[in-house]
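Below: one structure, written as structure tokens.
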There are 2 protein chains.
Amino acid sequence: MQPARRLYRRESEENRRSALIAATQELVAEGGPEAATVRAIAERAGVTPGLIRHYFTSKDELNRAAYRTLMDGMTAKGADAIEGVGASPEERLAAFIAASLRPPVLDAGAVVLWAGYMHKVRSDADLLAVHEAGYLAYRDTLQRLIETLPRDTSPGQTRREAVACNALIDGLWVEGSLLPAAFAPGEVVTIGLGSIGAILGIDLLAQSAKLPDFGRTQT
Amino acid sequence: MQPARRLYRRESEENRRSALIAATQELVAEGGPEAATVRAIAERAGVTPGLIRHYFTSKDELNRAAYRTLMDGMTAKGADAIEGVGASPEERLAAFIAASLRPPVLDAGAVVLWAGYMHKVRSDADLLAVHEAGYLAYRDTLQRLIETLPRDTSPGQTRREAVACNALIDGLWVEGSLLPAAFAPGEVVTIGLGSIGAILGIDLLAQSAKLPDFGRTQT
DNA sequence: TCCGCCTTTATACACATGTATAACAGGTTT
DNA sequence: AAACCTGTTATACATGTGTATAAAGGCGGA
């Protein structure tokens, strides 16, 4: 008697694509790009390897989709955080920054996933475009928040400030995620708000005290 | 007639190890970790694949050595930059920062190399230790430079400032390397000095004008 | 109820990868 | 000059990889 052929259910194209993308992201986050083999992805997604090439013309295309999904999700989570917060520009900016420096955005898996794809940016022009679009989207959101602050600014100032703040958040995000033991709980958020406030010449730490969930992960 | 056995010269252990490490770094920088196969590394280093396992017990160990060499080199280049600079603490700090945000440190290959290894940090405890040591070494150098500034500081202040400045430099280093076209020549250095000066409450841009080679890559 | 489409599985293939082991030869010692 | 050590090459092997192609079965329409 032969081993029975595997039973299956037909799923919508969207379900299958997102399941494959999620499986890819999980595997890259856990073990790096080398762990995300066609067979491992298929197993994680509960399908057989062949199906991947039914929905994606190649494994590279699946990787691009996974990276794009990651980048979009990061800025979306930050944008979500300013919803429902008081109308004060300072408060909204503080909420945006804090959200980027706290779980689930501050997460070792996310950093590793991001880093895992970064090297492909050089060899894959499409992926570079994805990266650039994601980076600029995040920075633009930041710059728009900065422009709403009640300050006098010189030409090009907010652009430079947005670049600096973005870089600061990125750096804190990486090290805070990778070396959580090197920081006290909530310290990454405090440092981020304090130093960005210094760059912009406002007191963000005072503003953040008003945020509803700010005390959650604090010491 | 058989193809003749390949001629070779015996080399010192140090030469061979460093050649293999350099070849590994180059390949990872060019095509990511997946491009750094045993055979490719050997070819680049001008030896045959078997020799790798004569000097390194496994390919993973070679990768660890390559990552350690990278991290050490980065802080060393920054430290070199403050040699021979005027004794003013502000000048020395500005020189250190500028060196980290200019080639050869600001380099897409270096970022990709760094990112390529970062994902291994989660699965390889030894590599995590290498990462942490490298990160703290750089940050400590920064903190020591900050402490020499003539200011009144509160307890823990310089630590938080060092974390923030380190993160800012990291973030600028990544984006400046990966998207050089998104910035004007020298803009990354200017933004770095300006915003770090704001964090520390000093004017680093004025100081940097005194640096001998500052105008080199400026607009 | 039965037919047919198309999602999904199964199998095969060519090639790359890391590792192990044995044979060879450069260079030093005697 | 001859013996020896060991750095170095060469070969083999088991396994894993992405991809191609054919077969099968779920599920909707007639």
Side-chain angles (χ1 to χ4, degrees), chain A residues 1-24 27-28 30-66 116-117 119-120 123-124 127, chain B residues 1-21 23-24 27-28 30-66 116-117 119-120 123-124 126-127:
Chain A
M1 177 176 172
Q2 300 288 348
R5 190 183 173 94
R6 172 177 176 151
L7 303 179
Y8 62 92
R9 269 185 41 209
R10 305 182 95 155
E11 292 283 350
S12 70
E13 172 166 350
E14 182 178 329
N15 278 357
R16 280 277 129 92
R17 291 185 88 98
S18 62
L20 289 170
I21 288 173
T24 306
L27 286 164
V28 173
E30 290 168 16
E34 67 212 19
T37 67
V38 179
R39 288 161 180 81
I41 293 168
E43 188 187 12
R44 180 71 59 109
V47 296
T48 49
L51 194 62
I52 289 177
R53 300 206 11 109
H54 184 76
Y55 286 110
F56 299 93
T57 62
S58 74
K59 193 195 167 188
D60 281 348
E61 198 195 290
L62 170 54
N63 270 320
R64 269 191 291 273
Y117 281 121
H119 81 263
K120 290 199 162 79
S123 46
D124 188 330
L127 210 60
Chain B
M1 178 179 172
Q2 300 288 346
R5 189 184 175 94
R6 173 177 174 153
L7 303 179
Y8 62 93
R9 270 183 41 209
R10 307 181 90 147
E11 290 285 349
S12 69
E13 173 167 349
E14 182 177 329
N15 279 356
R16 280 276 131 95
R17 293 184 85 97
S18 63
L20 288 170
I21 288 173
T24 305
L27 286 164
V28 174
E30 290 168 14
E34 66 211 20
T37 68
V38 177
R39 287 163 179 81
I41 293 168
E43 188 188 11
R44 180 72 60 108
V47 296
T48 50
L51 194 63
I52 289 177
R53 301 203 14 114
H54 184 77
Y55 286 109
F56 299 92
T57 60
S58 74
K59 195 196 166 188
D60 281 348
E61 197 195 290
L62 170 55
N63 271 319
R64 270 192 290 274
Y117 281 122
H119 80 265
K120 289 199 165 79
S123 45
D124 188 330
D126 290 341
L127 207 62

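Scope of the values below: all heavy atoms of this structure, side chains included, with no hydrogens, waters or symmetry mates. Below, chain A is the first sequence line, B the second, and so on; all start at residue 1.
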Show me the donor-acceptor pairs, under 3.5 Å and distance only, between side chains in residues 37-45 of chain A and residues at least two apart or in other chains.
residue  : atom : partner  : partner atom : Å
Thr37(A) : OG1  : Ala40(A) : N            : 3.1
Arg44(A) : NH1  : Glu26(A) : OE1          : 2.7
Arg44(A) : NH1  : Glu30(A) : OE2          : 3.1
Arg44(A) : NH2  : Glu30(A) : OE1          : 3.0

Any protein N or O atoms within reach of nucleotides 27-30 of chain D? Criterion: under 3.5 Å, listing atom names and distances.
residue : atom : partner  : partner atom : Å
dC27(D) : OP1  : Arg10(A) : N            : 3.4

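Side-chain N/O atoms of Arg5(A) and base N/O atoms of dT9(C) include a donor-acceptor pair closer than 3.5 Å.
For Glu14(B), there are no side chain to side chain donor-acceptor pair (under 3.5 Å) partners, not counting sequence neighbours.
In this structure, Leu62(A) CG and Tyr55(A) OH are separated by 13.0 Å, a value rounded to the nearest 0.5 Å. Atoms CZ and CG, from Arg10(B) and Asn15(B) in turn, are 14.0 Å apart once rounded to the nearest 0.5 Å.
The interatomic distance linking Ile52(A) (CD1) with dT21(D) (C1') rounds to 17 Å, in whole Å. Between Leu51(A) atom CG and dA20(D) atom C1' the separation is 15 Å, expressed in whole Å. The interatomic distance linking Glu34(B) (CD) with dG18(D) (C1') rounds to 12 Å, in whole Å.
Residue Arg17(A) comes nearest to Phe56(A) through the heavy atom pair NH2-CE2, 3.6 Å, listed as atom of the first residue, atom of the second, then distance. Nearest approach of Arg9(A) to Arg16(A), heavy atoms of both residues: O-NH1, 3.5 Å. The heavy-atom pair separating Ala65(B) from Ile21(B) by the smallest distance is CB-CD1, 3.8 Å.
Taking 4.0 Å as the cut-off between side-chain N and carboxylate O, Lys59(B) and Glu61(B) do not count as a salt-bridged pair.
Using a 4.0 Å heavy-atom cutoff across all strands shown, Leu7(A) reaches sugar-phosphate atoms only and no base atom. Across all strands shown, Glu11(B) has heavy atoms under 4.0 Å from sugar-phosphate atoms exclusively, and none from any base.
In terms of position along DNA chain C, the nucleotide closest to Thr48(A) lies nearer the 5' end than the nucleotide closest to the other residue of the pair Thr48(A) and Arg6(B).
For the segment residues 53-62 of chain B, the set of residues with a heavy atom within less than 4.0 Å of an atom of DNA chain C comprises Arg53(B), Ser58(B), Lys59(B), in numerical order. Shown for residues 35-43 of chain B: residues whose heavy atoms fall under 4.0 angstrom of DNA chain C, namely Thr37(B), Val38(B), Arg39(B).
For Arg16(B), the listed nucleotide lying nearest its side chain is dT8(D); candidates were dT8(D), dG26(C), dT8(C).
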Fill in the blank from the handout: A correct dot-bracket answer for DNA chain D, with pairs being Watson-Crick or G-U at under 3.5 Å, [ ] for crossing pairs and | for inter-strand pairs, is ||||||||||||||||||||||||||||||

